[in-house]
2 protein chains.
Amino acid sequence: MALRSISTQRRRLADEVYDQLVTAIMDRDIGPDDRLVQEKLAAEMEISRTPVREALLRLEKEGVLNVANSGGFRLAKISEEEILELYQARAAIEGQAARILAARQDPEELEALRAFIIKAETLENPTTRDYFVANRSIHRQFMDAAGNRFLLEMFDMIWGRAMAFHLFAAIEHTDISKSLGDHIALVDVLATGDRAQALEQFTAHIQDGFDLHIDGIRRSQ
Amino acid sequence: MALRSISTQRRRLADEVYDQLVTAIMDRDIGPDDRLVQEKLAAEMEISRTPVREALLRLEKEGVLNVANSGGFRLAKISEEEILELYQARAAIEGQAARILAARQDPEELEALRAFIIKAETLENPTTRDYFVANRSIHRQFMDAAGNRFLLEMFDMIWGRAMAFHLFAAIEHTDISKSLGDHIALVDVLATGDRAQALEQFTAHIQDGFDLHIDGIRRSQ
DNA sequence: CTGTCAAAGACTGTATACAGTATCCAGAAC
DNA sequence: GTTCTGGATACTGTATACAGTCTTTGACAG
């Protein structure tokens, strides 16, 4: 008998702090004007500075936070330029996953993807955030299926940063049914086995997202 | 006029430790059997445990180190499977950069790349490591030219990990002149402006690297 | 009113101390 | 001889203490 270890990885306080900060940022509890100071956060959370410091430095290395010149950390700003770069990076990562999946062309796998998409997009009265979460989970599922841990890691990095930057708050909640058609079409192109075409279509899909995004930003200004 | 800040970022002791560990790994001063213990390293470097801990945790998060079950950190092992994934990720990142460069098709930029390649490959009695470094710097130059900071970040992540894993030690020192032709040909395809073709050729170039690599590993066993 | 200098304050980085947990070993029990 | 069980050991995570640096502010000189 081989029992799995109960907790594969010890949970550190720093991880807890990290998670709390991330959700706080996503929930807009932390805004661009807030200054995050180690001592204050530690006091607030009733722990010592050490784990707080660790979490803050991690977020800084990930590009989510910047050191403020007067000490403390601030939310990093993102420019329109950087948004474009983020989408370009997405296209690179997810396009490659598409190539891999198209080359493999595993019918079972593709069927599972279809099922996943339909399930994920069955939302009642979805908010913008619901839509975002569903969209992300669908795209992540493609990545997961491709089975390359580095690509997956980069995917999470990109989307994590996007969330941190409230990047999708500007997106109008688009028609789900249209999007569903899009995602299913992505599976269809994988089924053809044409790698170049798969890449192209994924890239185009992401490009659509970008256009929508920029449009949303422009209109919200 | 926009003057750059003198010291963009304060240098922390942890960074120093990190760098030392990375070079030690690359120089094989740290092998797969060594156990890295915070206290011992700290004592050896005559500093406290805090910055050492920080550096070790960073390397762990980057996948270079693993926590050993008996405490301390060990070099992470990499499988042949993971090497493939690493190359796939490379293809994704660098292929996208190629698309960007081909789309831009800036003659000056391409000329600069050519010059860089020729300069970088002018090596006398190069060792395997010299070759590796030159190759890396050439590829990085392409990425740099593409001008996407996320792609560049991922590039560094991938190559950093590759170095940490001694991934290129197995590669026989191949004929530089052949490789030079290859790299110049990469610039040529960018000059045509054909994005799909550019992607294809970069991917093929990286595939060649992979084949060589696997071959090297197989032969060294 | 403006510019300069000094002192205070705020925060960080580093060191050290403390507590908890997992591992390993020795000796007892069978 | 093998297996179990304490206890010592080793190492980490967290807290706290200390020292240095950067910013800001206030007073004074021009």
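- Arg104(B) contributes a side-chain N or O that, together with a main-chain N or O of Ala146(B), makes up a donor-acceptor pair within less than 3.5 Å.
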Enumerate the protein-to-nucleotides 15-20 of chain C contacts in which both atoms are nitrogen or oxygen and the separation is below 3.5 Å.
from    : atom 1 : to       : atom 2 : distance (Å)
dA15(C) : OP2    : Ser48(B) : N      : 2.7
dA15(C) : OP2    : Ser48(B) : OG     : 2.7
dA15(C) : O5'    : Ser48(B) : OG     : 3.4
dA15(C) : N7     : Thr50(B) : OG1    : 3.0

With a cut-off of 3.5 Å and sequence neighbours excluded, list every side-chain donor-acceptor pair involving residues 42-50 of chain A.
from     : atom 1 : to       : atom 2 : distance (Å)
Ser48(A) : OG     : Thr50(A) : N      : 3.3
Arg49(A) : NE     : Gln38(A) : OE1    : 3.0
Arg49(A) : NH2    : Gln38(A) : OE1    : 3.3

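- The only member of Arg140(A), Arg161(A), Arg90(A) that meets salt bridge (charged side-chain N to carboxylate O under 4.0 Å, His left out) when paired with Asp156(A) is Arg140(A).
- Applying the 4.0 Å criterion to OP1 and OP2 of dA10(D), one finds that Arg35(B) has every side-chain N and O outside that range.
- Nucleotide dC11(D) holds its C1' atom 12 Å from the CG atom of Leu56(B), rounded to whole Å.
- Residue Lys40(B) places no side-chain N or O under 4.0 Å from the OP1 or OP2 atom of dA10(D).
- Atom CG in Leu41(B) sits roughly 11 Å away from atom P in dC11(D) (whole-Å rounding).
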Would you check, one step at a time, whether the test salt bridge (charged side-chain N to carboxylate O under 4.0 Å, His left out) holds for Asp15(B) with Arg58(B)? CA-CA 10 Å; Asp15(B) 298 328; Arg58(B) 203 153 111 211; 3.3 Å; yes
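- Rounded to whole Å, atom C1' of dT12(D) lies 14 Å from atom CG of Leu36(B).
- When rounded to the nearest whole Å, the span between CD of Glu54(A) and C1' of dT12(C) equals 16 Å.
- Judged purely by distance below 3.5 Å, without hydrogens or angles, the side chains of Tyr18(A) and Glu62(A) pair a donor atom with an acceptor atom.
- Atom CZ of Phe73(A) is separated from atom C1' of dC11(C) by 10 Å (rounded to the nearest Å).
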Passes side chain to side chain contact (heavy atoms under 4.5 Å, CB included), Glu121(B) versus Asn135(B)? Steps please. CA-CA 8 Å; Glu121(B) 297 205 325; Asn135(B) 192 38; 5.5 Å; no
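- Taking atom CG on Leu65(B) and atom C1' on dT12(D), their separation rounds to 15 Å, with Å as the unit.
- Look at Gln38(B) and you'll find a side-chain N or O under 4.0 angstrom from OP1 or OP2 of dG13(D).
- Ion pairing between a basic and an acidic side chain is recognised when a charged N comes within 4.0 Å of a carboxylate O; Glu54(A) and Arg53(B) show such pairing.
- For Asn69(A) and dA10(C), the CG to P distance is 17 Å, given to the nearest whole Å.
- Within the nucleic acid shown, Glu39(B) comes within 4.0 Å of at least one base atom, counting heavy atoms only.
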